[in-house]
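Let me begin by presenting the structure, written as structure tokens, before commenting on it.
Here the structure is a predicted model, which is why all the values come from computation and not from measurement.
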Amino acid sequence: MFGVVKMERVRLFAVVASILVMCVVRSVGGEEVADTLSACDFPAIYNFGDSNSDTGGISAAFYPMASPCGETFFHRPAGRGCDGRLMIDFIAKHLGLPYLSPYLDSLESNFRHGANFATGGATIIRYNESWFQNGVSPFSLDIQIAQYQQLKSRTTSLYNRAKKQPHRFPRVDDFSKALYIFDIGQNDVAAGIRKMSDEQFQAQIPDIINQLATAIRNLYDQGARTFWIHNTGPIGCLAVTLHYLHNPSPDYVDRRGCVKFQNDMARQFNRALKQKVFQLRKELLLAAITHVNVFAAKYKLLSNAKKHGFLDKTRICCGYHEDSNHVYCGNKGIINGTQVYAGSCEDPSLYISWDGVHYTEAANHWIANQLISGSFSDPPLPITNSCHRLQPL
């Protein structure tokens, strides 16, 4: 009896505390921002994702990234499908942390401030496909979570034996204080576009989202507390897709000229993801879970490219794309009997699309700035305050 009463008092205290915290949130220009919340001192980032945040995983596992990738910032290929940095790089920099080492890279990796488990082509659920067949990574989300578990387990074991931690190893106490980012799902939507009818994909969405939720619960059970979860972008606006469009019917594209049914499939995924995030907040009572509307941020840029200093969204910086002839970034091909090298444009900073699928460093920087500020987040907090658990009243 006394235990029940005590539990109810704890619950009441938690509700009151939640209300008090919400009182520090005010509205400015239609956006809510935190006034007095302390900044979160994240000692590390653990990232799970696909090529949008892969800093060298798939390159380490298979073939190294070729030039001209990396030319803008690293001045060499750096494992990223981009001319320079990705959104995850700008997030790490904003938080005062070094760029994340890919977990699969065996040389010069430093995991003191986190690790990147993302690989190009990664999916949430497993598909009966391969990297060599359709570019689907063998490192699906469940494998990435297993890799995290191994890193955490071995780090703890080595520390317990040696009572010290080499400078390249994570600190055991940092796992619970770290920021856990999910940037995955685009390739699941792509698989739906490639292999399924709209009805089949809708039936598949709950399984995809549940797999993602299982991964979050797994990390939570191991002590993770702060989650930053991206939804998927407007796949129907990819430049390589738009290149194939010639006088499309009005009902095939949306008002911004993107393929409507493809973006609708991404929106279906995103709606289910947001609902699941709300459910997880009620379930994982010690977690701070931020839903980040990457779709809206990217669509804003793609819809107003010239306003933001970029060329039209259909322009591709790296690669040869003329008529029906395509030679992808960094490759060589034979066009009309002549060898063609698919190099990069003169000024990548003017382009949104690097290679038809991935974004340029300039576009990644623009998008990252939008996300970091909290403008596209729920709750609407900047990433530096995302460790605080806020619930709508």
Side-chain angles (χ1 to χ4, degrees), residues 30-31 50-52 87 123-124 183-206 208-209 229-277 291-317 319 321 323-324 326 350-360 362-371 375-378:
E31 296 181 355
D50 52 33
S51 60
N52 289 309
M87 288 191 297
T123 53
I124 295 173
D183 188 357
I184 193 167
Q186 180 171 308
N187 292 313
D188 294 271
V189 176
I193 293 170
R194 186 174 65 249
K195 302 172 60 175
M196 308 174 199
S197 66
D198 184 61
E199 292 75 17
Q200 290 172 325
F201 182 65
Q202 286 188 47
Q204 181 84 70
I205 288 176
I208 298 172
I209 299 301
I229 304 172
H230 293 187
N231 69 9
T232 195
I235 194 170
C237 299
L238 295 180
V240 71
T241 300
L242 301 183
H243 180 86
Y244 289 97
L245 295 183
H246 300 287
N247 301 317
S249 60
D251 60 342
Y252 190 76
V253 296
D254 64 18
R255 62 191 181 91
R256 298 298 185 182
C258 299
V259 178
K260 187 175 185 300
F261 88 91
Q262 294 186 0
N263 278 351
D264 284 346
M265 293 177 80
R267 288 188 177 99
Q268 291 169 20
F269 171 92
N270 288 341
R271 282 194 292 270
L273 174 63
K274 190 169 186 178
Q275 291 173 0
K276 184 61 70 174
V277 167
H291 173 271
V292 186
N293 195 346
V294 173
F295 186 105
K298 288 184 174 180
Y299 198 73
K300 177 182 178 181
L301 174 61
L302 292 161
S303 301
N304 300 280
K306 293 181 180 179
K307 175 183 175 181
H308 298 296
F310 294 91
L311 299 174
D312 187 78
K313 62 180 177 294
T314 61
R315 299 286 296 275
I316 301 173
C317 176
H321 303 279
D323 300 322
S324 60
H326 300 277
L350 297 177
Y351 290 72
I352 293 176
S353 181
W354 167 241
D355 57 7
V357 176
H358 305 101
Y359 290 70
T360 60
N364 283 325
H365 194 185
W366 189 95
I367 298 163
N369 283 342
Q370 305 297 306
L371 305 184
S375 299
F376 292 88
S377 297
D378 183 350

Looking only at heavy atoms, which two atoms of Ala297 and Trp366 are closest? And how far apart?
O-CZ3, 3.6 Å

Using a distance-only test with no angle check, is there a side-chain donor-acceptor pair under 3.5 angstrom linking Asp198 and Gln268?
yes

Minimum side-chain heavy-atom gap Ile208-Phe269 below 4.5 Å
yes

For Arg271, check salt bridge (charged side-chain N to carboxylate O under 4.0 Å, His left out) against everything at least two apart and list the hits.
none

Using side-chain contact (heavy atoms from CB on, under 4.5 Å), reason through Phe310 and Leu350 one step at a time and then give a plain yes or no.
CA-CA 5 Å; Phe310 294 91; Leu350 297 177; 5.9 Å; no

Is there a side-chain contact between Leu371 and His230, using heavy atoms and a 4.5 Å cut-off?
yes

Determine whether a donor-acceptor pair (N or O, by modelled atom type, separation under 3.5 Å) exists between the side chain of Gln200 and the backbone of Ser197.
yes

Would you call Tyr359 and Ile352 a side-chain contact if the rule is heavy atoms closer than 4.5 Å?
yes

Quick one: side chains of residues 231-239, donor-acceptor pairs under 3.5 Å with protein atoms, not counting sequence neighbours, listed by atom name and distance.
| from | atom 1 | to | atom 2 | distance (Å) |
| --- | --- | --- | --- | --- |
| Asn231 | OD1 | Val294 | N | 2.8 |
| Asn231 | OD1 | Phe295 | N | 2.9 |
| Asn231 | ND2 | Asn293 | OD1 | 3.0 |
| Thr232 | OG1 | Gln186 | N | 3.4 |

Checking the side chain of Lys313 only, and the main-chain atoms of Arg256 only, is there a donor and an acceptor separated by less than 3.5 Å?
yes

Could you check if a side-chain atom of Ile229 sits within less than 4.5 angstrom of a side-chain atom of Leu273, using non-hydrogen atoms only?
yes

Compare all side-chain heavy atoms of Leu301 with those of Ile367 and state whether any distance is below 4.5 angstrom.
yes

Nearest 0.5 Å, what's the CZ-OH distance between Arg315 and Tyr351?
4.0 Å

Can you tell me how far apart OG (Ser353) and CG (Asp312) are? Round to the nearest 0.5 Å.
11.0 Å

Do Tyr244 and His326 pair up side chain to side chain, a donor and an acceptor below 3.5 Å, judged on atom types alone?
yes

Please give me the minimum heavy-atom distance between Val277 and His291, naming the atom from each residue.
CG1-CB, 4.1 Å

Is there side-chain contact between Val253 and Leu245, with heavy atoms separated by less than 4.5 Å?
yes

Could you tell me if the side chain of Ile193 sits less than 4.5 Å from the side chain of Val189, heavy atoms only?
yes

Which atom pair, heavy atoms only, marks the closest approach of Leu311 to Ala305?
O-CB, 3.2 Å

Any idea which heavy atoms bring Val292 and Ser377 closest together, and the distance?
CG2-OG, 4.2 Å

Do His321 and His243 pair up side chain to side chain, a donor and an acceptor below 3.5 Å, judged on atom types alone?
no

Residues in side chain to side chain donor-acceptor pair (under 3.5 Å) with Asp355, at least two apart?
His358

Quick test of your reading: applying salt bridge (charged side-chain N to carboxylate O under 4.0 Å, His left out), list the pairs with at least one residue in residues 257-266, sequence neighbours left out, ordered by first then second residue.
Lys260-Asp264, Asp264-Arg267

Reported CD1-to-CG distance for the pair Ile184 and Asp50, which is rounded to 0.5 angstrom
5.5 Å

The criterion is side-chain contact (heavy atoms from CB on, under 4.5 Å); which residues satisfy it with Ser324, sequence neighbours excluded?
none

Residue pairs fulfilling side-chain hydrogen bond (donor to acceptor under 3.5 Å, both in side chains) with at least one residue in residues 298-310, sequence neighbours excluded:
Asp254-Tyr299

Heavy-atom distance under 4.5 Å between the side chains of Tyr252 and Phe261, does that happen here?
yes

